[in-house]
Amino acid sequence: MRKTLLFTGVLILACLFFTGLVFATGEKGAPEVSGPAAEKIIKVGFIYVGPIGDMGWTHAHNQARLMVEKLPWVETIYQESVPEGDTLSTIERMIQQEKCDVVFTTSFGFMDGTIDAARKFPNIIMAHASGFKRAPNVATYMADFYQVYYLNGLMAGALTKTGKIGYVGAFPIPEVKRHINAYTIGVREVNPDAEVHVRWIGAWFDPPAATEATMALIDEGCDVFAFTEDTSTVVEVAAKNGFPSFGHYSPMYDASPDYVVSGQLVHWDVFYLRFLGLVYSGILNSGNLENLDYWGLLREGDVELGAKPGMPVNPAWIGRLGDTHDLVLKRLEQMKNPQMVFDPFTGPLYDRKGNLVLPAGARADYLHLLTIEWAAKGVVGPWPNEP
Amino acid sequence: MGFRIEKNPAVPSRMVVFSFSVLSLFLASAVIGIIFLAYGINPIRAYTDVLSKTLGSFYGLSEIIRKSIPLLLCGAGLLLVFRTSFWNIGAEGQILMGALAATWAALFSNFPDFLLIPCLFLFGFIAGAVWGFIPTVLKSRFRISEVITTLMMNYIALYIVLFLIHGPWKGKTMRGFAYTDKFPASASLPLIGNTRIHWPTLIIALILVAAIYIILTRAKLGYEIKVISQSPKAGRYAGISYFKTVFWVMIISGGAAGLAGAGEVAGIHHLLRHPNQISMGYGYTAILVAWLARSNPVITIMTALLMAFIFVAGDTIQLSFGLPSQIVNVSTGLILFFLILSEGMMRYRISWKSKEG
């Protein structure tokens, strides 16, 4: 009883102390910062699907936001872990209460909410990542990795000794299928008999499931690993068992410098800076975004090959890659070329059932890639919705 | 002069309950204020800002009302069940089953347009009621604890929804993403003006609160619940079947949660998406809504609004001051913690002892 009493007393004292503190700080009242009268300030709101500390998708967008904020004429705010059903409310709050001029919604599930908000606020500029619905004041944008996955596939094909490569996928959706297909096309280019074994974990963030999937793939005899999900689990588990792997999304070189061969890196700032620059200069406005569907690849600079910026291939692995290293660099240059003289999805391409999916000489267009459901030759494992 | 703390046998009066709750809110704000200070934010300024952007703005108020709708439906239903000491932790799953049934009605039923919305709610109610009914059967037949079964059935509902959106119900217009197709316009609930308040669900919720009030005060079922809540044994001697009573209250409670789910998909989402995005823990928060309202269903209107306010205030503060969402969650957790603490404290009193004593 005495203890409870003591505790209550301490609590009350703490509160009194705090109240005093508040009034002490409150009275001073920090003066409002008034910088040099800038001509025009653009206030930008970012809506994130996850927490900014997720080391994946949301983290990458937030890193870009921090770079954007360095511009003298940009101010940013963000809301993280926004439920999809709250998209419209959050945009409304950003516009009405926080006076945003531009809103970026950074996940597919925000699509309908963004379009509804755009109808409600026709003068506000919005852009939605990874979706396909636009409006005069809503653009869409995406940075896609398929070309980088293809390059990593070339390396994986050269490195495998068992001829089996492990791939951990989040969900069997077109984005992930596109990655696996591009990777497999790369693998088969250098190693025509190699297989890519796929395991789905049904989550973007689930380290235990990713660990289990990687262990199962090791048991199947896989000796090189890649993945599309939002953690570095596959890299860590592969390294623990002495197998090379490829990082994804965030720089994962430091997670295991001895075993990370290369990987995919994203630079969302490339799009954000370009887009906001055009908004600032008045070229883009709330009436002309209907046909702006930005699709950032190697050529645009939105994505980069490597497990660490500025290091396309881990130097420790260049020797083991042999001739393939030169092929990787050559293909990289070809895809960076303004004419994009090479693309992995070029016909003739057959799916794993033997159907012709791209005739000779044809290149998969944007819609084909966005809605891809077929499985490339060499993919092994379940493939929901396979045509 | 000394004093000691002792258990207060008397039931706390309304005044005590109210003042303790308000006091606990103040204490919570004080502790949260310390967190704000650590982030270099002046708490007084933060609180005035939050109040002006929630209670002081039309937009903020409309969002509070919108978020209170599912909480009210589930909370009022749970209040009824908890009176019988049947611990239904399964409102979350009952919401999802309601959402699922409403989605079926909206997308695959081919009901004529004018019947669609009533059918959405009817199917939602039935699905939630069935989901609530199963644990009562398991308890009456096999004596399996309802705490376990209702909780586990939440996960079953969650995985059923996941299976459907990744499998047979995956929308053809969604380009491979795991969502159903959008509902037709005739299956979308009307909204109040420029807000996002889907008023049909709100009205159903208010009617439900009134109905539960009448059940508890006027109906035979209410009388039986009262007897059981005082003493199940006495109920048995009076010829009141415990399980029969529980069946009925669980059908009402599960059905109410199902209605909440139907309202969410038809009023907010207009499609079926990842289960965690549909319910967001309303079913669990509703336990608190019911509990804080004690035994009076009318009070759930206040407690549901209070919970909704806490959530909307959290969103506002994150956006206005750039606080990490985790810190915002800690803050809402602290508020709930203090509210629960105050419940316990009401049951004690301080007795002053004179020098002689």
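Convention: sequence-line order gives letters A, B, ...; per-chain numbering from 1. Values below: all heavy atoms of this structure, side chains included; hydrogens, waters and symmetry mates excluded.
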B/I278 versus chain A, the contacting section by heavy-atom distance below 4.5 Å: neither
Kindly state each residue pair satisfying side-chain hydrogen bond (donor to acceptor under 3.5 Å, both in side chains) with at least one member in residues 161-177 of chain B, sequence neighbours excluded. B/T173-B/D181
Let's test your reading of the structure: which of A/G85, A/G202, A/G53, A/G113 forms the most heavy-atom pairs below 4.5 Å with chain B? A/G85
The interface call for A/S89 against chain B, heavy-atom contacts under 4.5 Å, is both
Tell me, please, which residues at least two apart from B/F177 pass ring-ring contact (aromatic ring centres under 6.0 Å, His included). A/F108
Which residues in residues 42-51 of chain A have any heavy atom lying under 4.5 Å from a heavy atom of chain B? A/P51
side-chain hydrogen bond (donor to acceptor under 3.5 Å, both in side chains) with A/E84: which residues, sequence neighbours excluded? B/Y179, B/R273
I'd like to verify something: which residue of A/D116, A/I372, A/V82, A/D86 has the highest number of heavy-atom pairs under 4.5 Å with chain B? A/D86
Would you say that more than 12 heavy atoms from the other residues, nucleotides or ligands in this model lie under 6.0 Å from the CD of A/Q63, or not? yes
Could you tell me whether B/Y47 and B/F36 have their ring centroids closer than 6.0 angstrom? yes
Contact class of A/Q79 relative to chain B, heavy atoms under 4.5 angstrom: both
Select one option (side chain, backbone, both, neither) describing which atoms of B/Q318 are under 4.5 Å from chain A's heavy atoms. both
Chain A contact via B/S62 - side chain, backbone, both or neither, heavy atoms under 4.5 Å: neither
Heavy-atom pairs under 4.5 Å with chain A - which of B/N194, B/V312, B/V328 has more of them than the others? B/N194
Is the centre of the A/F171 ring less than 6.0 Å from the centre of the A/W200 ring? no
Checking A/K177 against chain B: side chain, backbone, both or neither under 4.5 Å from a heavy atom? neither
Would you mind checking which part of B/T316 comes under 4.5 Å of any heavy atom in chain A, side chain (CB onward), backbone (N, CA, C, O), both or neither? both
Which one wins on heavy-atom pair count under 4.5 Å against chain B: A/P172, A/G109, A/P384? A/G109
Proximal component of B/L319, with respect to chain A [non-hydrogen, under 4.5 Å]: both
Does a side-chain N-to-carboxylate-O contact under 4.0 Å join A/E212 and A/R199? no
Evaluate the ring planes of A/Y146 and A/F345, with Trp represented by its six-membered ring, and classify them as parallel (under 30°), tilted (30 to 60°) or perpendicular (over 60°). tilted
